[in-house]
Amino acid sequence: MNSTYEVIIGLEVHVELKTQSKLFCSCSTEFGAEPNTHTCPVCLGMPGVLPVLNEAAVACAVKAALALNCTVHPFSKFDRKQYFYPDLPKAYQISQYDEPLAEHGSVPIVIDGAVAKTVAVRRIHMEEDAGKLNHLGQRLGDAKGSLVDLNRAGVPLVEIVSEPDMRSADEARLYLTELRNVLSYLDISDLRMEEGSMRCDANVSLRPLDYHGSLEDLPRVEIKNVNSIRNVYRGIEYEIARQAEKMGRGERIVKETRGFDDQNGRTYSQRSKEEANDYRYFPEPDLPPLVLTASYIEEAAQSLPPSPMAIRQELAEAGVTANDAEVIVADRAALEYWRSATAVFADKRQVTNWMLSDVSRLLNAYGDTFWTARVGPQALADLLALIERGTLSGRMAKEVLDRMYETGGRAEDIVQSMGVSQITDKAAIQAVVQQVVAGNPHVVQDYLSGKDKALGFLVGQVMKQTKGQAKPDMVNAILKDVMADYAKA
Ligand code: ADP
Ligand code: MG
Ligand code: ZN
């Protein structure tokens with residue numbers, strides 16, 4: 001069905017900035033407080049009050065713009081975007097319209113650790129958030145009413161608008177993932193889509209292959225406020241199929257805003273954009289233009305942390321696979337943990353493997369993160385050292401790790417108390433092997449007549465008798481030696 005169309009996607013992403021106070025007043029931005037307790041005459045839109053720009057928010061926005069490879073303009077200004085909605089007490093939102101903070105950036109789409117494509121960022125501007133409506137019902141349509149919470153009104157946002165450069169739901173997913181990766185290292189936002197501190201509107205259209213006009217003129221659907229990267233992906237997939245089917249029937253696509261229902265995976269019409277929003281933008285008279293000196297911008301550029309691409313490089317050089325690196329890059333806590341653990345334990349592959357399998361399993365089970373892991377990087381390194389020295393097998397180490405996590409104890413102490421240390425004493429293993437060989441003459445015969453599988457059974461018997469504590473590669477070697485002697489006898 002898609003062969004006669006090309007999928008065109010552009011994303012608008014709103015990111016709440018993690019400042020102490022709001023964009024134009026000193027109210028707290030803290031999430032989850034009692035409704036309407038973080039408000040004042042400024043963010044409630046009382047007459048006669050004046051907004052004052054929060055410098056910390058500007059610093060965050062500039063960092064974001066630079067990390068996304070934008071040109072930051074030394075001069076930008078604020079504008080009033082006017083519309084009526086109960087979550088907007090002033091009936092206008094202070095935003096930036098024709099002279100935004102920054103333009104012409106880019107975000108790489110990364111596949112297998114390499115840049116597969118670059119998506120252009122059209123612009124980044126600052127604006128204030130609106131309040132939040134809590135509908136008394138399952139959804140707006142059947143709500144008995146709505147309650148307004150203005151704690152969020154005036155919280156600083158950046159809006160990051162991409163060019164319509166993405167060609168599939170998967171590219172949109174990868175763009176959002178990398179955008180979040182980049183921003184996560186700047187420490188400027190919680191970036192929690194489920195809490196709304198990062199929100200995405202996805203614009204989707206299908207270009208008939210014989211259409212060569214401006215993409216802006218194609219009728220597009222804007223899927224509003226999707227609350228996870230997965231749902232952005234699902235919503236776009238649904239929209240592609242819906243539009244393709246409509247066009248296949250010869251119907252016209254109407255420009256409209258649609259919502260996404262994550263229960264059934266469908267988008268639904270919210271309002272038609274035929275009548276084109278008229279926001280009657282005009283310059284905000286109560287705020288001076290935002291003027292940034294070249295040295296301010298330069299200093300911000302100098303202070304940027306390494307990019308996710310640079311971190312991927314660091315991980316690749318340490319022998320971490322591209323897949324594992326993606327998991328670590330996407331989780332700053334994991335990266336810090338990885339760096340600390342590899343600083344004290346040389347085998348970086350081993351650290352990575354344990355982090356992403358058994359440590360992650362325990363973090364999930366206990367509801368922890370790599371920041372709050374009860375087995376920290378040094379403790380993990382201590383455990384891995386015991387494997388390296390042959391005191392523990394990998395299997396035993398898993399059990400020891402479980403106990404370490406449970407009790408907070410040190411690896412060596414737990415090994416002592418569990419009495420689980422690995423048997424590496426050759427004579428001790430030989431004694432057990434002799435017994436097993438003597439007790440299973442038929443199996444030994446099978447092995448000697450070429451049935452290699454028989455060896456596995458005998459190894460199993462030795463492990464059983466030693467309660468799994470014999471070092472497996474030694475058991476293997478000693479068994480072979482003993483049976484070779486046996487054959488000669
Ligand atoms: P609006 O105010 O209508 O949301 P914006 O200028 O803020 O418009 O954003 C437009 C978004 O739509 C951009 O992300 C842009 O890349 C995207 N876009 C433009 N043309 C298309 C298209 N044909 N298909 C999909 N997205 C598009
Ligand atoms: Mg927009
Ligand atoms: Zn306020």
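Remember, it's a predicted structure, so these values are computed and weren't measured experimentally.
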If we count only N and O atoms by modelled type, under 3.5 Å, do the side chains of Arg220 and Ser205 hold a donor and an acceptor together?
no

Is the shortest side-chain N to carboxylate O distance from Asp473 to Lys471 below 4.0 Å?
yes

For Leu383 and Trp354, run side chain to side chain contact (heavy atoms under 4.5 Å, CB included): C-alpha distance rounded to whole Å, both residues' side-chain angles, the deciding distance at 0.1 Å, then the answer.
CA-CA 10 Å; Leu383 177 70; Trp354 278 79; 4.2 Å; yes

Gln96 side chain to Ser76 side chain, donor-acceptor N/O pair below 3.5 angstrom:
yes

Verify the neighbour count for atom CD of Glu194: are there more than 12 heavy atoms of other residues, nucleotides or ligands below 6.0 Å?
yes

N/O donor-acceptor pair under 3.5 Å between Asn69 side chain and Ser106 backbone
yes

Full working for side chain to side chain contact (heavy atoms under 4.5 Å, CB included) between Leu292 and Val58
CA-CA 10 Å; Leu292 303 172; Val58 175; 4.0 Å; yes

Taking every heavy atom of Tyr185 against every heavy atom of Val329, the minimum-distance pair comes out as OH-O, 2.7 Å

Ion pair check, Glu159 and Arg123, cut-off under 4.0 Å
no

Does any N or O in the side chain of Arg180 come within less than 3.5 Å of the main-chain N or O of Thr177, such that one atom is a donor and the other an acceptor?
no

Checking side chain to side chain contact (heavy atoms under 4.5 Å, CB included) against Met166, which of Ile9, Leu176, Leu174 comes through?
Ile9

Heavy atoms, side chains only, cut-off 4.5 Å: are Phe260 and Asp262 in contact?
yes

Where do Ser360 and Phe370 come nearest, in terms of heavy atoms and distance?
OG-CZ, 3.8 Å

Between Lys132 and Asp87, does any NZ, NE, NH1 or NH2 come within less than 4.0 Å of an OD or OE carboxylate oxygen?
no

Could you tell me whether a side-chain N or O of Thr118 sits under 3.5 Å from a main-chain N or O of Pro108, the two making a donor and an acceptor?
no

SB check Lys63 Asp187 (cutoff 4.0 Å):
no

Do Arg403 and Glu399 sit within salt-bridge range, that is, some charged N less than 4.0 Å from a carboxylate O?
no

With side chains defined as the heavy atoms from C-beta onward, is the minimum distance between Ile311 and Arg339 less than 4.5 Å?
yes

Side-chain donor-acceptor pair present, Asn203, Glu12, cut-off under 3.5 Å:
yes

Checking the side chain of Asn36 only, and the main-chain atoms of Val148 only, is there a donor and an acceptor separated by less than 3.5 Å?
yes

Between Asn181 and Glu178: side-chain donor-acceptor atoms closer than 3.5 Å:
yes

Check whether Asn151 reaches the backbone of Thr37 with its side chain - one donor and one acceptor, N or O, closer than 3.5 Å.
yes

Go through it in stages, so that I can follow the logic: the residues are Arg374 and Glu406, the test is salt bridge (charged side-chain N to carboxylate O under 4.0 Å, His left out), and I'd like the CA-CA distance, side-chain angles, deciding distance and then a yes or no.
CA-CA 8 Å; Arg374 291 182 226 180; Glu406 220 174 277; over 6 Å; no

Does some side-chain heavy atom of Leu17 sit less than 4.5 Å from a side-chain heavy atom of Val158?
yes

Kindly give the heavy-atom pair with the smallest separation between Val119 and Ser162, and that separation in Å.
CG1-CB, 4.2 Å

Please report the closest heavy-atom contact between Val232 and Val226, naming both atoms and the distance.
N-CG1, 3.4 Å

With a 3.5 Å distance limit and no angle check, can you tell me whether Lys348 reaches the backbone of Ala343 through a side-chain donor-acceptor pair?
no

For Glu171 and Ile109, which heavy atoms make the closest approach, and how far apart are they?
O-CD1, 3.6 Å

Has the side chain of Asp347 got a donor or acceptor atom that lies under 3.5 Å from a matching backbone atom of Gln350?
yes

With no hydrogens and no angle check, do the side chains of Glu317 and Gln313 hold a donor and an acceptor under 3.5 Å apart?
yes

Within 6.0 angstrom of Arg361 CZ, more than 12 heavy atoms from elsewhere
yes

Do the side-chain N and O atoms of His104 and Thr71 include a donor-acceptor pair separated by under 3.5 angstrom?
no

Polar contact flag, side-chain donor to acceptor under 3.5 angstrom, Thr352-Asp324:
no

Does Lys451 reach the side chain of Phe457, with side-chain heavy atoms less than 4.5 Å apart?
no

With no hydrogens and no angle check, is any side-chain donor or acceptor of Asn225 less than 3.5 Å from a backbone partner on Cys200?
no

Between Met126 and Ala61, which heavy-atom pair has the shortest distance, and what is it?
CG-CB, 3.8 Å

What's the separation between atom SG in Cys70 and atom CD1 in Ile124, rounded to the nearest 0.5 Å?
3.5 Å

Is it the case that the side chains of Glu127 and His125 hold a donor-acceptor pair, with the cut-off being a distance below 3.5 Å and no angle test?
yes

Does this structure show an ion pair linking Asp261 with Arg266, if we count only N-O contacts that are shorter than 4.0 Å?
no

Classify the side-chain pair Tyr405/Asp368 by whether it contains a donor and acceptor separated by less than 3.5 Å.
yes

Using 0.5 Å steps for rounding, measure from the CZ atom of Arg199 to the NZ atom of Lys224.
9.5 Å

Is it the case that over 12 heavy atoms from other parts of the model lie below 6.0 angstrom from the CD atom of Gln20?
no

Under 4.0 Å between a Lys/Arg side-chain N and an Asp/Glu carboxylate O for Lys398 and Asp358?
yes

Min side-chain heavy-atom separation Val7-Ser168 under 4.5 Å:
no

Whether the Glu239 and Thr267 side chains hold a donor-acceptor pair (N or O, under 3.5 Å, no angle test) is what I'd like checked.
yes

With no hydrogens and no angle check, do the side chains of Gln302 and Glu298 hold a donor and an acceptor under 3.5 Å apart?
yes

With the side chain counted from C-beta on, respond yes when Ile8 and Asp165 share a heavy-atom pair under 4.5 Å apart, and no when they do not.
no

Is the shortest side-chain heavy-atom distance between Asp190 and Phe31 below 4.5 Å?
no

Atom CG of residue position Asp112 - does it have more than 12 heavy atoms of other residues, nucleotides or ligands inside 6.0 Å?
no

Val359 and Leu380: side chain to side chain contact (heavy atoms under 4.5 Å, CB included), yes or no, with the steps?
CA-CA 9 Å; Val359 176; Leu380 178 66; 4.0 Å; yes

Salt-bridge present (Glu222, Arg258; N to O < 4.0 Å)
no

Hey, does Glu412 have a side-chain heavy atom less than 4.5 Å from the side chain of Leu386?
yes

Determine, stepwise, if the pair Arg167 / Glu6 fulfils salt bridge (charged side-chain N to carboxylate O under 4.0 Å, His left out).
CA-CA 7 Å; Arg167 294 292 173 268; Glu6 182 183 40; 3.2 Å; yes

Does the pair Met198 and Val13 meet the rule for a side chain to side chain contact (heavy atoms under 4.5 Å, CB included), with working shown?
CA-CA 7 Å; Met198 174 167 161; Val13 177; 4.1 Å; yes

